[in-house]
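A quick write-up on the structure given underneath.
First the proteins, then the strands, lettered A, B, ... as listed; each starts at 1. Note that these values count all heavy atoms, side chains included, but never hydrogens, waters or copies made by symmetry.
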There are 2 protein chains.
Amino acid sequence: MCSRCNYREILERAGLEATPGRLRVLEVVGGHPAPLSAADIHRTVNRTGRLDRVTVYRILDRLVREKILQELSLGGRRRLYGMAPSEHHPPHPHFRCARCGAVQCLPPGGVRVDLGGVRRVFAGEIREVEVRLEGLCANCLSRA
Amino acid sequence: MCSRCNYREILERAGLEATPGRLRVLEVVGGHPAPLSAADIHRTVNRTGRLDRVTVYRILDRLVREKILQELSLGGRRRLYGMAPSEHHPPHPHFRCARCGAVQCLPPGGVRVDLGGVRRVFAGEIREVEVRLEGLCANCLSRA
DNA sequence: TCGGCGCCTGCAACTATGTTGCATAAGGGG
DNA sequence: CCCCTTATGCAACATAGTTGCAGGCGCCGA
Ligand SMILES: [Mn+2]
Ligand SMILES: [Mn+2]
Ligand SMILES: [Zn+2]
Ligand SMILES: [Zn+2]
């Protein structure tokens, strides 16, 4: 888990009961260096106890609605989950290897985005910006 | 369809037969101002003729592999398809309304991305950058 | 202490989207 | 016209996510 996050407190601040299932999901997601799929999370959580697949989906939906987790669509059919941007978790871009499909979190601050041109002409309201990079990961590069 | 694109020529340059199915898929995608799902494309193409659902998927896969179309994952379960960046189709960011789910293409050039910080530390090779915006569309804003 | 109520969980069935296997059809080069 | 390749259709299948409903468990008020 992320050493600076108190998951119980995060849940309670959002008005959610700190159930064992929710705590374990948060520990798994917060403790992994890259975003995970629902299946990954289900598998991992079930190494130490038991939590139904559907319950995992419902926990993920809820935590995303409360902006505790962030849902990413990075190509492929599965959605990935990571900690939502917050004090301890600055927003950052993600990278996906076109060859092996691996997804990585990139360091925050490494990408600067200027929305000026869009804000001047777009009639809606922009709330979030997601940057997704694609290419070849170090691993695939070296064995290419 | 896009008035500046000769789909037959695009297919032949990629070494693909210009079959009626492929031409119709390209006309539908190229003629729509926002990216479309496979189901959208299937439905539209079948208003004027007949093309199997599976054939539509295979055509889309092929055209994406040949970089004639671009596949977008913008949240939700379905992938969307638009013309790939090319001479007549400059790359541009996409917007998705968090309320109604509508997806829009934004004007090219409105967003500038500076990857300097990432390129200095990332060991892989970055080939594509995708910017995805989320918020409320003009429609949902006005009725909110 | 009891009963009711809300929230969380499990389980089965279901939906939506995409994929595979295999047979048939189309079409271009001899 | 024949042969070969490639495209298409159709049925079955696979994967990821969703829904309905019932049981459990804690909490609160009577
Ligand atoms: Mn991340
Ligand atoms: Mn577009
Ligand atoms: Zn890779
Ligand atoms: Zn909207």
Side-chain angles (χ1 to χ4, degrees), chain A residues 7-8 10-29 35-46 48-66 68-81 96 101 103, chain B residues 7-8 10-29 35-46 48-66 68-81 96 101 103:
Chain A
Y7 297 127
R8 183 175 298 276
I10 289 176
L11 288 170
E12 285 166 0
R13 250 191 288 126
L16 300 186
E17 279 181 44
T19 65
R22 286 172 182 165
L23 287 169
R24 282 196 288 147
V25 166
L26 276 177
E27 280 160 13
V28 168
V29 174
L36 294 167
S37 69
D40 294 334
I41 296 165
H42 180 239
R43 196 170 344 94
T44 307
V45 152
N46 277 269
T48 72
R50 136 106 234 202
L51 198 60
D52 192 75
R53 198 174 68 88
V54 175
T55 305
V56 170
Y57 278 114
R58 286 199 272 234
I59 288 175
L60 291 172
D61 286 350
R62 197 68 205 279
L63 297 183
V64 168
R65 250 191 302 133
E66 303 295 341
I68 294 170
L69 295 185
Q70 177 185 37
E71 183 184 298
L72 302 169
S73 316
L74 271 90
R77 317 170 40 170
R78 31 181 67 186
R79 304 173 206 183
L80 302 182
Y81 298 86
R96 181 188 155 95
V103 171
Chain B
Y7 297 125
R8 182 174 298 274
I10 289 176
L11 289 170
E12 283 164 1
R13 249 190 289 127
L16 301 186
E17 281 182 42
T19 65
R22 286 170 181 167
L23 287 169
R24 283 196 288 148
V25 166
L26 276 178
E27 281 160 12
V28 168
V29 174
L36 294 167
S37 69
D40 293 334
I41 295 165
H42 180 239
R43 195 169 347 94
T44 307
V45 152
N46 277 268
T48 72
R50 143 97 235 215
L51 199 61
D52 191 76
R53 198 172 70 88
V54 174
T55 305
V56 170
Y57 278 113
R58 288 199 272 233
I59 288 175
L60 291 172
D61 286 351
R62 196 71 204 279
L63 296 182
V64 168
R65 249 190 304 133
E66 303 296 341
I68 294 170
L69 295 184
Q70 177 186 36
E71 183 183 297
L72 303 169
S73 317
L74 271 91
R77 309 163 53 163
R78 31 180 69 184
R79 305 176 205 180
L80 301 182
Y81 298 87
R96 179 186 156 96
V103 172

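We find that CG of B:Asn46 is positioned 9 Å from P of D:dG9, with the value rounded to whole Å. The nearest whole Å value for the distance from the CD1 atom in B:Ile41 to the P atom in C:dT17 is 13 Å. Distance, A:Arg43 CZ to D:dA16 P: 10 Å, rounded to whole Å. In this structure, the NE2 atom of B:His42 is 12 Å from the C1' atom of D:dC10, given to the nearest Å. Rounded to whole angstrom, the span from the CG atom of A:Leu16 across to the C1' atom of C:dC7 amounts to 11 Å. Nucleotide C:dG18 holds its C1' atom 15 Å from the CZ atom of B:Arg65, rounded to whole Å. Put simply, CD on A:Glu71 is 12 Å from C1' on D:dA16, counting in whole angstrom units. The CG atom of A:Leu23 sits 10 Å away from the P atom of C:dT9 (whole-angstrom rounding).
The closest donor-acceptor contact from the side chain of B:Asp40 to the backbone of B:Leu36 lies at 3.5 Å or more, if one exists at all. The main-chain N or O of A:Leu51 is never found under 3.5 Å from a side-chain atom of A:Thr55 such that the two would form a donor-acceptor pair.
The structure places CZ of B:Arg24 at 11.0 Å from OG1 of B:Thr44, a figure rounded to the nearest 0.5 Å. How far CZ of A:Arg79 is from CD of A:Glu71: 5.0 Å, rounded to the nearest 0.5 Å.
Remark: B:Thr19 is in phosphate contact with D:dT8, judged by side-chain N or O atoms under 4.0 Å from OP1 or OP2. In this structure, A:Arg22 does not reach the C:dC7 phosphate: none of its side-chain N or O atoms is under 4.0 Å from OP1 or OP2. Between A:Tyr57 and D:dG17, a side-chain N or O to OP1/OP2 separation shorter than 4.0 Å is present. Distances shown here put a side-chain N or O of A:Arg62 below 4.0 Å from the OP1 or OP2 atom of C:dC8.
In this structure, B:Glu17 and B:Leu80 both approach DNA chain C, and ranking their closest nucleotides by distance from the 5' end singles out B:Leu80. Residue-to-nucleotide proximity on DNA chain C shows that, of B:Pro20 and B:Arg78, the 5′-proximal contact is made by B:Arg78.
No donor-acceptor contact under 3.5 Å links the side chain of A:Arg53 to the base of C:dG10. The base of D:dT15 is paired with the side chain of A:Arg77 by a donor and an acceptor separated by under 3.5 Å. Between the side chain of A:Arg58 and the base of C:dG10 there is at least one donor-acceptor pair of N/O atoms closer than 3.5 Å.
Residue-level contact check: B:Ala38 touches the backbone only, with heavy atoms under 4.0 Å from sugar-phosphate atoms and none from bases.
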Going through the distances and angles, do A:Gln70 and A:Tyr81 end up as a side chain to side chain contact (heavy atoms under 4.5 Å, CB included)?
CA-CA 6 Å; A:Gln70 177 185 37; A:Tyr81 298 86; over 6 Å; no

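Out of C:dG10, D:dG17, C:dT19, the shortest distance to the side chain of A:Arg79 is found at D:dG17.
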